[in-house]
Amino acid sequence: MIDVPGTGIVFLIPLSSIGGKGQLSFLLGNQEFIKKEESVLKNTEHELIVVIANRGYTEPIFTAARFANAGGGTVIHAKGSGMQGAEKFFGFSIAEEKEMIYIVTHKKNKNAVMQAIMEYAGFQTDAQAVCFSLPVTETAGMRLIDREETEY
């Protein structure tokens, strides 16, 4: 019933890493974690780092990420809605405004970028950022083209 407004959708995405043991423990709650060798999407060249933080803290997050050789990213302002009776989701308040930061980086830089973000904007800071990464199988660059330069 994904075509019915307000019903939501459920899907699975393989995580390739989480920003530290504390965050892993926090997200798992009372569930047991069994570490296995990563097999799906293991040989990708890029990773998408997703950071969820309190609104207004993108600058320290990007400063930390750039320090660890990340090029830049995209910020999306987010706020949970429509969840009457539920104030928390994975321990995060869904009523508070958050920012979701998406950073695509080379796989070799992923750990350094995530560590820098967690050191400068993690749970111990006002940003209270949490981050995880997803494998990126393909990338493509985009740029604006001036119409006068384009031949028709």
If two hydrophobic side chains count as joined below 4.5 Å and joins carry through other members, does [X] share a cluster with [Y]?
X    : Y    : answer
Y102 : V130 : yes
I52  : V104 : yes
I49  : F62  : yes

Distance-minimising heavy-atom pair for A116 and A68: CB-CB, 4.1 Å
Shortest non-hydrogen contact between D126 and N54, atoms and distance: O-ND2, 2.9 Å
What is the distance from atom [atom1] of [X] to atom [atom2] of [Y], rounded to the nearest 0.5 Å?
X    : Y    : atom1 : atom2 : answer
M114 : F132 : CE    : CZ    : 9.0 Å
F67  : E119 : CZ    : CD    : 8.5 Å
K110 : C131 : NZ    : SG    : 10.0 Å

Whether over 12 other heavy atoms sit under 6.0 Å from E45 CD: no
By side-chain contact (heavy atoms from CB on, under 4.5 Å) - contacts of V136 (at least two apart): H46, L48, T139
side-chain contact (heavy atoms from CB on, under 4.5 Å) involving A65 - partner list, sequence neighbours excluded: A70, I103, V113, I117
Backbone N/O of E59 and side chain of T63: donor-acceptor pair under 3.5 Å: yes
Exam field: side chain S25 to backbone G22, donor-acceptor pair closer than 3.5 Å: no
For R66, side chain to side chain donor-acceptor pair (under 3.5 Å) partners two or more places apart: none
T105-E47 side chain donor-acceptor pair, cut-off 3.5 Å: no
Contact check, side chains of H77 and R55, non-hydrogen atoms, under 4.5 Å: yes
E99: which of T58, V51, I61, I76 passes side chain to side chain contact (heavy atoms under 4.5 Å, CB included): T58
